[in-house]
Amino acid sequence: MPFPTHRSRRLRKNSAILRMVEETSLSVNDLIYPLFVCEGKDVKTEISSMPGIFRFSLDRMILDVQEAADLGIPAVILFGIPDKKDAVGSEAYNPDGIVQRAVREIKAAIPEMIVITDVCIDEYTDHGHCGLVEDGKILNDATLELLAKMAQTHAQAGADIVAPSDMMDGRVGAIRKALDQSGFNETLILAYSAKYASAYYGPFREAADSSPKFGDRSTYQMDPANSDEAIREVLQDIEEGADMVMVKPALAYLDIIYRVRQEINVPLAAYNVSGEYSLIVAASQNGWVDRERIIMETLLSIRRAGAKMILTYFAKEAAEILARRQGK
Ligand code: PBG
């Protein structure tokens with residue numbers, strides 16, 4: 001309809017009207033806070049490629065999780081950094097492994113905090129791959145057993161949600177079956193369904209010391225060129241028993257988030273990954289962008305594309321900003 005009958009700027013007249021017609025909003029309820037846990041006591045080591053993000057020993061971790069809880073963040077996701085790595089990732093499914101102990105501590109101290117665990121052996125293998133390796137090949141079916149065991153030990157420790165991130169075929173089904181057989185039919189599965197082979201994971205691999213020692217992850221993680229395939233991956237994971245699905249990374253894949261939202265209506269998460277975090281932090285440290293505005297605009301873009309849950313290293317900072325804005 002033509003100007004001057006219609007003037008779009010009337011809807012932008014002041015902040016009250018802007019609030020009334022706002023189509024998308026970001027809430028603290030949407031945020032999931034990732035944490036790196038390691039052995040030792042009183043350890044809080046900043047990850048050099050991710051300023052503001054730390055590796056915590058359990059005693060220090062619990063303080064950080066308490067801060068997240070105080071800010072109203074509903075969930076954390078845990079990544080373990082074990083002292084020992086081997087070819088089969090034994091520490092990944094050790095019932096007393098670092099993540100299993102972290103889960104127990106959080107559930108004992110802060111029972112209302114939803115604890116999600118990353119189910120993948122790459123942080124625990126000496127070769128750095130997400131599956132067992134034979135003759136330079138990443139084995140699929142043999143890896144499933146380990147993932148199922150790993151998920152069971154997480155559930156046993158009290159994890160509310162297990163999140164397989166390895167991209168082996170059939171892992172959601174294998175994990176669902178193992179959980180149900182061991183009495184954990186209430187444990188949810190958040191599947192990293194559309195996880196791309198991305199350079200945006202660079203800083204995480206430094207944080208978790210999990211870079212592959214040979215080759216890359218392109219035989220299991222998705223090709224960034226593909227979009228239809230993401231839909232097939234999501235459908236397959238839902239069929240195998242996923243309660244929630246994830247697209248990862250988020251920003252270079254907003255179109256994938258949008259498609260999954262439009263075509264498949266299930267609870268959808270997106271991972272605002274380490275590289276996305278570090279790019280923003282680096283640019284804002286240089287004074288090239290406004291840190292607060294760019295964080296909120298970025299998280300809002302992920303919500304607008306269609307993800308409900310956002311895994312982000314900015315979770316605590318965003319929660320603080322939201323609380324401050326609400327107080328105004
Ligand atoms: C695999 C895993 C990765 C991330 C989460 N789980 C990295 C990978 O595939 O190498 C990346 C998260 C991030 O970059 O923030 N266990």
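Both ligands and their constituent atoms are indexed starting at 1 by order of listing.
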Mark up the atoms of ligand 1 that fall under 4.0 Å of a heavy atom belonging to Y271, in ascending order.
12 (C), 15 (O)
Minimum-distance protein heavy atom relative to atom 10 (O) of ligand 1
R205 NE, 2.5 Å
Q100 and D96: side chain donor to acceptor below 3.5 Å
no
Nearest-neighbour protein heavy atom for atom 12 (C) of ligand 1, which is reported as residue plus atom name and distance
F204 CD1, 3.3 Å
By number and element, which atoms of ligand 1 are closer than 4.0 Å to a non-hydrogen atom of E123?
16 (N)
Please report whether ligand 1 has a polar contact with K195, defined as an N or O pair separated by less than 3.5 Å (distance criterion only).
yes
If you count the atoms of ligand 1 from 1 in the order shown, which ones are under 4.0 Å from a heavy atom of D118?
6 (N), 16 (N)
If you draw the axis of the six-membered ring of Y220, does the NZ or CZ of K195 fall within 45° of it and under 6.0 Å from the ring centre?
no
Taking the inter-plane angle between the rings of F204 and F79 on a 0 to 90° scale, is it parallel (under 30°), tilted (30 to 60°) or perpendicular (over 60°)?
perpendicular
Which of the ligand 1 atoms, numbered from 1, are nearer than 4.0 Å to a heavy atom of Y313:
12 (C), 13 (C), 15 (O)
Can you list the steps and then say if F36 with F54 is a ring-ring contact (aromatic ring centres under 6.0 Å, His included)?
CA-CA 7 Å; F36 298 99; F54 301 85; over 10 Å; no
Atoms of ligand 1 less than 4.0 Å from C120 heavy atoms?
1 (C), 16 (N)
Test side chain to side chain contact (heavy atoms under 4.5 Å, CB included) applied to V162 and L179, L188, L147, V172, the passing residue:
L179
Does a donor on one side chain and an acceptor on the other come within less than 3.5 Å for E233 and S193?
no
Judged by non-hydrogen atoms, does S165 sit under 4.0 Å from ligand 1?
yes
Under 4.0 Å from any heavy atom of K248, which atoms of ligand 1 are there?
2 (C), 3 (C), 4 (C), 5 (C), 6 (N), 11 (C), 12 (C)
Decide salt bridge (Lys or Arg N to Asp or Glu O under 4.0 Å) for R293 and E297; before the verdict, give the C-alpha distance in whole Å, the side-chain angles of both, and the deciding distance to 0.1 Å.
CA-CA 6 Å; R293 288 189 58 204; E297 185 176 333; 5.0 Å; no
Please say whether the positively charged group of K44, taken as NZ for Lys or CZ for Arg, lies over the ring of F56, i.e. under 6.0 angstrom from the six-membered ring centre and within 45 degrees of the axis.
no
Identify, by atom number and element, the atoms of ligand 1 in contact range of D122, meaning under 4.0 Å from any of its heavy atoms.
1 (C), 16 (N)
Could you say whether the N/O atoms of Q221 and ligand 1 ever approach to under 3.5 Å?
yes
Y277 and Y313 aromatic ring geometry - parallel, tilted or perpendicular at 30°/60° bounds:
perpendicular
Counting each atom of ligand 1 from 1 as listed, which ones have a heavy atom of Y201 under 4.0 Å away?
8 (C), 9 (O), 11 (C), 14 (O)
Among all protein heavy atoms in this structure, tell me which lies nearest to atom 14 (O) of ligand 1, with the distance rounded to 0.1 Å.
S274 OG, 2.7 Å
